[in-house]
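Below: the structure, in structure tokens.
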Amino acid sequence: MEFSRLILTLALRVQTQTRYLQRIKQGKLNPGLMVGWRNWKDSHSFLEFFTLSGHIDTETGTAAFSHSQKAGFTTYIEAQLAISFKNLFPSVFGKGGLSSMDDSDCLPAITNGDKWNNGSTSIHFQLMRNMNDVSYQLDSSIKKVLKDHVEARQLATDCVTASKRFVINFIAFMSQEYSTWQQRGFTKKAAWQTVCWIIRRIFEDRQSDLCQKYAGPRRC
Amino acid sequence: MQDLEDADFTTASFIYATLRCHEVMEGYVKQQFHTHPHVASVNTRHLAANFIKPDASSQAAMETKVTALSTKVDSYVSKVELLITKEKERAAAAKVKKYKGKPEEEAS
């Protein structure tokens with residue numbers, strides 16, 4: 001069975017999931033894994049759930065729901081997750097105008113360091129303020145959908161927790177790196193440029209890893 | 001990535017991709033970002049991009065300028081020392097003159 005072999009392969013490769021390996025080896029595949037992929041989050045897709053714009057037009061939102069169903073996704077969350085695998089950056093970093101697209105020196109959505117962290121109202125603090133809400137929302141969804149599948153629910157919750165931990169550390173690292181380079185005597189522009197290079201590198205790592213390994217020549 | 005005919009394959013692909021992401025993330029968190037080799041390489045690139053190579057000609061010009069300034073300062077110092085010496089001599093002479101002139105005034 002292709003599905004079993006694929007799950008076994010992924011579990012063998014991912015060392016952090018070893019506690020699930022024994023059951024998979026014994027052929028006891030948890031049916032909860034097959035419920036759907038909307039419960040599986042990583043750092044990129046976790047960041048997609050932050051609504052920092054504060055407003056989405058009803059027409060735009062409805063059109064997005066409609067298109068996602070036409071494309072074969074059962075829920076809008078599935079469409080969001082699928083797109084997160086296509087984009088290099090999550091929308092918080094990557095959603096910019098046409099003029100700022102494909103700019104390797106900065107992030108399309110955050111063109112300078114003050115937009116990221118100005119001490120009070122910047123994106124850093126918006127993300128931190130929304131962190132618990134998003135985490136709670138995702139956890140609740142998992143508990144509801146996978147209420148009959150304890151093991152799958154635990155795995156999905158672990159994924160959300162790991163994503164949250166990564167995002168919190170990542171946000172702190174970005175601000176710290178930005179201020180460190182400034183303290184070393186670099187200008188704000190040069191300091192932010194370095195931070196952008198690092199962010200780009202991290203997300204490029206994630207993207208290249210996916211393209212090399214997850215689906216092989218069949219899908220990527 | 002999505003296979004409409006094979007939902008299981010799609011689900012497995014997504015789970016696999018997600019876990020691969022978590023492996024990459026785990027690497028960064030374990031290394032606390034700063035010490036991760038990829039971040040270190042970016043920092044090295046940044047330092048290389050912002051490194052200013054010393055210019056040999058400007059350095060020589062700077063040395064000449066510093067030498068000239070040093071000579072100028074030396075000449076000022078010697079002039080000031082000469083002035084101080086002259087002033088001391090003049091003060092001493094005035095003192096002697098004053099001392100010699102006192103008895104004559106008393107006598108008259």
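What's counted below: heavy atoms across the whole structure, side chains too, no hydrogens, waters or symmetry copies.
Proximity of B:His38 to A:Ile202: side-chain heavy atoms (C-beta onward) are nowhere separated by under 4.5 Å. In this structure, the side chains of B:Val39 and A:Phe173 come closer than 4.5 Å at one or more pairs of heavy atoms. Side-chain contact check for A:Ile198 versus B:Phe33: every heavy-atom pair is 4.5 Å or farther apart.
Of the atoms belonging to A:Phe166, heavy atoms from both backbone and side chain fall under 4.5 Å from chain B. Using a 4.5 Å cut-off between heavy atoms, A:Ser45 makes no contact with chain B at all. Contact annotation for B:Tyr28: only side-chain heavy atoms (C-beta onward) come within less than 4.5 Å of a heavy atom of chain A.
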Open item on the list: Could you go through A:Arg206 and B:Arg20, starting from their C-alpha distance and side-chain angles, then the distance that decides it, and tell me whether this counts as side chain to side chain contact (heavy atoms under 4.5 Å, CB included)?
Closed with: CA-CA 8 Å; A:Arg206 169 194 178 270; B:Arg20 291 297 310 168; over 6 Å; no
Task: Stepwise salt bridge (Lys or Arg N to Asp or Glu O under 4.0 Å) test for A:Arg165 and B:Glu26 - done: CA-CA 10 Å; A:Arg165 187 179 61 152; B:Glu26 194 68 26; 3.2 Å; yes
N/O donor to acceptor pairs below 3.5 angstrom from side-chain atoms of residues 82-96 of chain B, sequence neighbours left out:
unit_1, atom_1, unit_2, atom_2, d
B:Thr85, OG1, B:Glu81, O, 2.7
B:Glu87, OE1, B:Arg90, NH2, 2.7
B:Glu87, OE2, B:Arg90, NH2, 3.2

Which donor-acceptor pairs under 3.5 Å do the side chains of residues 131-146 of chain A make with protein atoms, sequence neighbours left out?
unit_1, atom_1, unit_2, atom_2, d
A:Asn132, OD1, A:Lys164, NZ, 3.3
A:Ser140, OG, A:Tyr136, O, 2.7

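Atom CZ of A:Phe203 and atom SG of B:Cys21 lie 10.0 Å apart (nearest 0.5 Å). The CH2 atom of A:Trp197 sits 7.0 Å away from the NE2 atom of B:His46 when rounded to the nearest 0.5 Å. The distance from the CG atom of A:Leu155 to the CG atom of B:Leu19 is 6.0 Å, given to the nearest 0.5 Å. A:Asp42 contributes atom CG, which lies 6.0 Å from atom CE of B:Met25 (distance to the nearest 0.5 angstrom).
Here the side chain of B:His22 pairs a donor or acceptor atom with the backbone of A:Lys41 at under 3.5 angstrom.
Judged as a side chain to side chain donor-acceptor pair (under 3.5 Å), and not counting sequence neighbours, A:Ser43 has no contacts.
Within residues 181-189 of chain A, the residues having any heavy atom closer than 4.5 Å to a heavy atom of chain B are A:Trp181, A:Phe186, listed by residue number.
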